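Each remark here refers to the structure printed beneath this line.
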Amino acid sequence: MSCAEYLNDLNVQQRAAVEYISGPELVIAGAGSGKTRVLTYKIVHLLAQHFEPGRIMALTFTNKAAKEMRERVEVLTGSTTARRLWMGTFHSIFSRILRRNAELIGYNANYTIYDQTDARNAVKMIIRDLELDEKVYKPATVQDDISRAKNYLLSPQDYALDRDIQQADRRANRPQTAEIYRIYMNRCRVANAMDFDDLLYYTAVLFRDHPDVLSHFCEFFRYILVVDYQDTNFAQNMIVMQLCRGIGNICVVGDDAQSIYSFRGANIRNILDLQRAFPTLETFKLEQNYRSTQNIVNAANSLIAHNRDQIRKNVFSENGVGDKIEVSQAYSDYDEAGVVAARIVSRRAVTGDAFSDFAILYRTNAQSRVLEEALRRRNIPYRIYGGLAFYQRKEVKDALAYFHLGINPNDDECVRRIINTPARGIGKVTIEKLNHAAIEAESSLWQVLCDPDRFNVDLNSGTKAKLLKFRQLIDSFTSKINRENDVEALAKHIITATGLAAMYMSDRTPENISKYENLMELIAGAHTYMQDRLEAGEGEECSMGDFLTNVALATDQDKDNEENTNSVTLMTIHAAKGLEFNNIFVVGVEDELIPSRMSSDSAAGVEEERRLFYVAITRAKNFCMLSYAQQRFLNGQTIFSRCSRFLQDIDTEYLTGDVAKRKPARPAFEPEAAAPRHTPSQFTSASRKPASDSSFRKYSKDELELKMRIAHPKFGRGEIINFLHTNLGDGIIVLFDNESDPRKLLLQYANIRIINE
Ligand code: ATP
Ligand code: MG
């Protein structure tokens with residue numbers, strides 16, 4: 001493609017932003033206005049200007065974003081040079097920098113990357129070792145505190161000396177958090193392991209303590225590009241600032257209205273502060289939304305206008321006016337799911353869209369199960385994006401622990417995980433003893449178990465023999481891994497030699513079969529990894545260590561992509577950032593979900609949730625439906641919900657459907673005027689929103705007739721098609737509008753109400 005041609009794909013402002021390469025640049029733009037496009041084209045432009053691909057760094061927040069940009073650049077340039085770009089998530093790019101300099105910060109280049117669960121287990125262990133109350137020192141909470149500290153680049157010492165933090169910890173009854181943090185850092189170092197936050201923390205430390213390394217990278221990278229800058233946290237911002245100090249060739253794009261990660265320490269101010277960091281900063285604004293219809297853009301604008309804290313933008317669309325946003329009120333989460341599934345079917349019939357043009361967005365992962373059921377009932381193919389956890393499954397984690405130990409036997413988490421899996425007669429007591437000795441001597445479990453006598457561990461000869469065998473097994477993996485690059489063969493060997501595969505094969509229950517299949521899938525993963533590397537011309541970089549880094553960094557989203565290309569996508573709103581679909585369903589638009597109960601307490605919290613809702617709506621190109629239910633099953637109990645206050649924020653002229661019902665502050669689901677009112681039977685005035693459901697009650701057979709329309713709190717609306725008598729009493733058979741098969745309801749249990757419609 002000739003130089004000028006790709007520039008024709010851009011509007012005037014986008015083009016100006018792409019062509020500007022004479023200094024620091026900020027592109028601030030609304031949703032769907034081409035931020036990602038500008039960044040992608042900018043890379044193409046840099047390549048056309050003969051910047052070396054290997055010296056351009058492009059940072060994203062998800063692997064998916066990096067992958068899509070890379071593919072796009074390949075298409076536009078018609079070459080594979082894009083593979084040489086330093087393009088990836090902050091974590092993966094920084095990990096690359098750290099591996100080359102690990103020794104400088106007291107690590108070994110083979111360090112393991114702990115995922116959330118590994119890290120949490122390590123924290124939990126320390127809490128136990130310190131004999132603290134796990135109910136006060138909740139591992140997840142402590143882990144969060146540590147994570148936040150690292151994201152603000154606070155070392156354990158800084159943490160312990162910070163008066164505000166100390167006060168807060170004392171108030172929370174957790175004065176020992178600083179100590180846990182200190183021990184955690186030490187143990188990770190001894191285990192040669194880093195958690196995700198460490199990848200940022202240590203990069204910053206590396207640059208701080210080794211100016212020569214920093215200068216090298218400053219010199220090396222000719223251009224640095226960052227997407228979604230509104231979501232960078234303190235550490236990320238600091239590192240980027242350090243890196244582009246020399247040349248100032250930096251281009252960041254962002255949208256303050258889409259900042260949704262403050263709970264992880266993201267700070268919108270980072271965008272605003274760029275001006276101070278770079279007095280010569282050139283700012284470009286993009287305001288034309290190319291993604292969505294006018295109705296959707298206008299609705300989203302009217303919503304976000306309620307946020308005080310924002311950079312004003314005039315986002316507009318020149319696409320068609322489009323359909324209004326549909327608002328749907330359902331009786332229950334179950335009913336809501338049925339409505340959504342039905343709407344997907346009817347919408348497809350009209351538009352001819354593929355299933356993959358539909359996405360259902362929710363606030364929390366737990367909401368997916370009911371939706372899945374509804375989709376399955378209608379035979380609608382779907383996939384859960386980001387919810388999986390292939391790599392979280394026990395058998396997979398066990399196998400990976402062995403892989404890790406072959407490279408880095410000092411990884412205590414891994415040793416603990418599999419020292420007696422499959423069972424080899426090394427019991428709890430032995431492990432406790434080893435653990436104790438390791439803590440005493442500040443060494444790893446591995447060091448202790450290799451030479452228990454030296455550490456004065458009191459073990460009988462039988463146990464020692466078992467430990468020796470375990471040691472030999474791991475040693476044999478280490479030497480094999482050092483000799484061989486064939487990751488697939490290594491994986492196969494280890495899974496067999498450990499007896500993991502045999503363990504699940506011996507007792508062929510359905511669970512064991514699927515566990516065995518997962519292990520096989522892991523080998524298949526190693527195969528694909530090698531294949532990809534070979535095809536990318538990076539065959540010599542294949543190694544078990546590299547494979548494991550890949551696994552640790554890949555979010556499960558990458559895996560999902562390859563499969564089921566024609567299916568409806570289910571995901572959290574957070575995961576949807578940056579994506580677009582013809583049809584978007586936002587479900588659970590209720591107070592307590594969005595805004596979540598936790599964030600409703602503070603104005604800033606509510607504003608963040610409003611931005612999140614804004615992100616959700618702006619994913620839609622042509623069609624958007626917002627639904628809420630009057631009751632749902634949440635965290636193990638049925639709660640009565642009311643529609644989100646954010647529905648009020650949207651101008652009615654862009655909405656249709658159950659709009660009038662979206663009354664705030666009062667229960668959303670007051671009985672419709674036409675419906676008969678009944679005295680509450682089961683809801684006392686103490687229940688949270690009593691008035692609302694008062695019209696559901698138990699009926700006797702005499703009150704009901706054939707063909708009568710009724711509503712049920714869970715299944716929604718339907719028609720009585722028959723009566724029946726059972727030994728448990730009278731019943732009715734109802735065909736609900738959103739179900740294909742009739743359903744039997746026993747009158748002595750079912751709460752329903754008659755509706756006139
Ligand atoms: P988000 O805020 O959601 O991340 P964004 O600002 O990154 O959005 P893009 O994803 O780059 O926006 O663009 C949104 C859609 O508009 C994409 O489908 C893109 O291809 C299209 N688009 C952007 N600019 C143009 C243009 N100049 N001409 C045609 N289509 C465009
Ligand atoms: Mg984008």
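Computed from a prediction, not measured in an experiment: that's the story for all the values here. Order of listing sets the numbers, starting from 1, for every ligand and every atom in it.
Salt bridge present: D255 and K313 bring a charged side-chain N and a carboxylate O closer than 4.0 Å. A salt bridge links E580 with R291: the distance from a Lys NZ or Arg NE/NH1/NH2 to an Asp or Glu carboxylate oxygen falls below 4.0 Å. The pair E68-K64 counts as a salt bridge, with a side-chain nitrogen and a carboxylate oxygen less than 4.0 angstrom apart. With respect to the salt-bridge test (charged N to carboxylate O, under 4.0 angstrom), the residues E609 and R363 qualify. Salt bridge D198/K150: present, at least one basic N to carboxylate O contact under 4.0 Å. Salt bridge E653/K324: absent, no basic N to carboxylate O contact under 4.0 Å.
Residue pairs satisfying the side chain to side chain donor-acceptor pair (under 3.5 Å) criterion with at least one member in residues 275-287, sequence neighbours excluded, are listed as follows: D273-R276.
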Tell me which donor-acceptor pairs under 3.5 Å the side chains of residues 18-30 have, and how far apart each pair is, sequence neighbours excluded?
from	atom 1	to	atom 2	distance (Å)
E19	OE1	R15	NE	3.3
E25	OE1	K42	NZ	2.6

**OP:** Test salt bridge (Lys or Arg N to Asp or Glu O under 4.0 Å) on D353 and R347 and set out the steps.
**Re:** CA-CA 8 Å; D353 276 348; R347 183 82 194 147; 5.2 Å; no

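Near ligand 1, residues D9, L10, N11, Q14, G30, A31, G32, S33, G34, K35, T36, R37, Q258, Y290, R291, G578, E580, R619 each place a heavy atom inside the 4.0 Å sphere around the ligand atoms.
Within the protein, the number of N, O or S atoms lying under 2.8 Å from the Mg ion (ligand 2) is 1.
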